Student: 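Handing you a structure now.
Lettering of chains follows the sequences in order, A, B, ..., and the numbering in each one begins at 1. Because the structure is predicted, anything quoted here is derived from the model rather than measured.
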There are 2 protein chains.
Amino acid sequence: MSDFKVIMEGGTVEQCPRRYVLALTDTLNVINGKWKLPIIASLLRGVVRFKDLLERTEKITPRMLSKELKELEMNGIVERKVFSQTPVLIEYRLTRSGRHLTSVIDSMIDWGVLHRSHVVTDEQPGSDKI
Amino acid sequence: MSDFKVIMEGGTVEQCPRRYVLALTDTLNVINGKWKLPIIASLLRGVVRFKDLLERTEKITPRMLSKELKELEMNGIVERKVFSQTPVLIEYRLTRSGRHLTSVIDSMIDWGVLHRSHVVTDEQPGSDKI
DNA sequence: AATAGTAGTATACTTTTGTATACTGAATCC
DNA sequence: GGATTCAGTATACAAAAGTATACTACTATT
């Protein structure tokens, strides 16, 4: 659909529209850092609370979790819902955009799996052929 | 194909196989940082030399370019070929794995475009854009 | 009044990433 | 023998990302 590949076919830079470049950097900014994808992966399993995320995102500190969740919220990836119970209950869930990240994650997994197989089959020590 | 979504459908963590997690973090590690994707995008246009990359990757310093190219080479994304001419000629090109990154890039662009449209249509004033 | 549960914040630090600017080395050309 | 070209490296610094550890605010229960 986006057909980034146009730039391969011997064209000028302008063949890759600016809005695609923006879209790409948007996506990178959303998922970058050490914790974004692990958190998103946890949220894909459903609605969760802060404490749950703390426990099941290995070794993340509350400070980082808080920071990352804020960024994800600002970027429209997660929603934060407050329930005025006692003790207070706060739920985090993915937005529609957040759920759509599965397609990006899937393609990253596909590439990673493929790449690992290439590395194993192609790259014997010393000889580096394509 | 990789079907990361299995973890949505009410399962345990184990439903997302460890190798998928590894594949995902591989991919993240390969593309993370400020310069990896711009460099890969340049390389998608064909074989290039260090100096070309310096000129057309906006404002990158030789130090960073050198560092990033080394990492990409170590990760099996680019190949470096030395021609013993004078002045010496060194060519950088994508490996097969490197070229396959187009599918990841495309899905990131697709998500970014979609997300921008969601942000415009969904989100009330106050919510922040990327 | 002390305890416990939820959802974080505060402070100080280390590590990683990125920037700025100048420089090296090899070889040929003039 | 100095200028030029290519492909980087060296040094010093600044900024961003991440870690460690302790603490706060609210409130309901004991």
Student: Without swapping roles, check the side chain of B:H115 against the backbone of A:L101 for a donor-acceptor pair under 3.5 Å.
Tutor: no
Student: Within the structure shown, what part of the strands sits under 4.0 Å from B:F83 by heavy-atom distance: base, sugar-phosphate, or nothing?
Tutor: nothing
Student: Rounded to whole angstroms, how far apart are CD on B:E73 and P on D:dA7?
Tutor: 14 Å
Student: Rounded at 0.5 Å granularity, tell me how far CG in B:D52 sits from CD in B:E91.
Tutor: 10.0 Å
Student: Is a side-chain N or O of A:R56 found less than 3.5 angstrom from the main chain of A:S42, in a donor-acceptor match?
Tutor: yes
Student: Heavy atoms under 4.0 Å, any strand shown: does B:L89 hit a base, just sugar-phosphate, or nothing?
Tutor: sugar-phosphate
Student: Strictly under 4.0 angstrom, non-hydrogen atoms only: write out the protein contact profile of nucleotides 25-30 of chain D, one letter per nucleotide from the 5' end, B, S or -.
Tutor: --SS--
Student: Atom CG of A:D52 to atom C1' of C:dG5: distance rounded to whole Å?
Tutor: 13 Å
Student: Under 3.5 Å, side chain of B:T57 to main-chain N/O of B:L53, donor-acceptor pair present?
Tutor: yes
Student: Can you tell me how far C1' of C:dA7 sits from CG of A:L65, to the nearest Å?
Tutor: 10 Å
Student: So what does B:K70 hit on the nucleic acid, given a heavy-atom distance under 4.0 Å: a base, only sugar-phosphate, or nothing?
Tutor: sugar-phosphate
Student: Between N or O atoms, less than 3.5 Å apart, protein on one side and nucleotides 16-24 of chain D on the other: list the pairs.
Tutor:
from, atom 1, to, atom 2, distance (Å)
D:dG18, OP1, A:K34, N, 2.7
D:dT19, OP1, A:K34, NZ, 2.7
D:dT19, OP2, A:W35, NE1, 3.2
D:dT19, O4, A:R63, NE, 3.1
D:dT19, O4, A:R63, NH1, 3.3

Student: Could you tell me whether A:E79 and A:K81 make a salt bridge, using a distance below 4.0 angstrom between a side-chain N and a carboxylate O?
Tutor: no
Student: OP1 or OP2 of D:dC6 versus the side-chain N and O atoms of B:K51: is any pair under 4.0 Å?
Tutor: yes
Student: Please answer: with hydrophobic residues joined when any side-chain heavy atoms are less than 4.5 Å apart, are B:L89 and B:V78 in the same cluster?
Tutor: no
Student: How long is the straight-line distance from CG of B:L65 back to CD1 of B:I60, given to the nearest 0.5 Å?
Tutor: 4.5 Å
Student: Taking atom P of C:dG8 as reference, at what distance in whole Å does atom CZ of A:R49 sit?
Tutor: 12 Å
Student: Measure the spacing between CD1 of A:I31 and OG1 of A:T27 and express it to the nearest 0.5 Å.
Tutor: 7.0 Å
Student: Looking only at side-chain N and O atoms, does B:Y92 come under 4.0 Å of OP1 or OP2 in D:dG8?
Tutor: yes
Student: Using only side-chain N and O atoms of A:S66, determine if any of them is under 4.0 Å from OP1 or OP2 of C:dG8.
Tutor: no
Student: Which residues pass the side chain to side chain contact (heavy atoms under 4.5 Å, CB included) test with A:R96, sequence neighbours left out?
Tutor: A:R99, A:H100, B:H118, B:D122
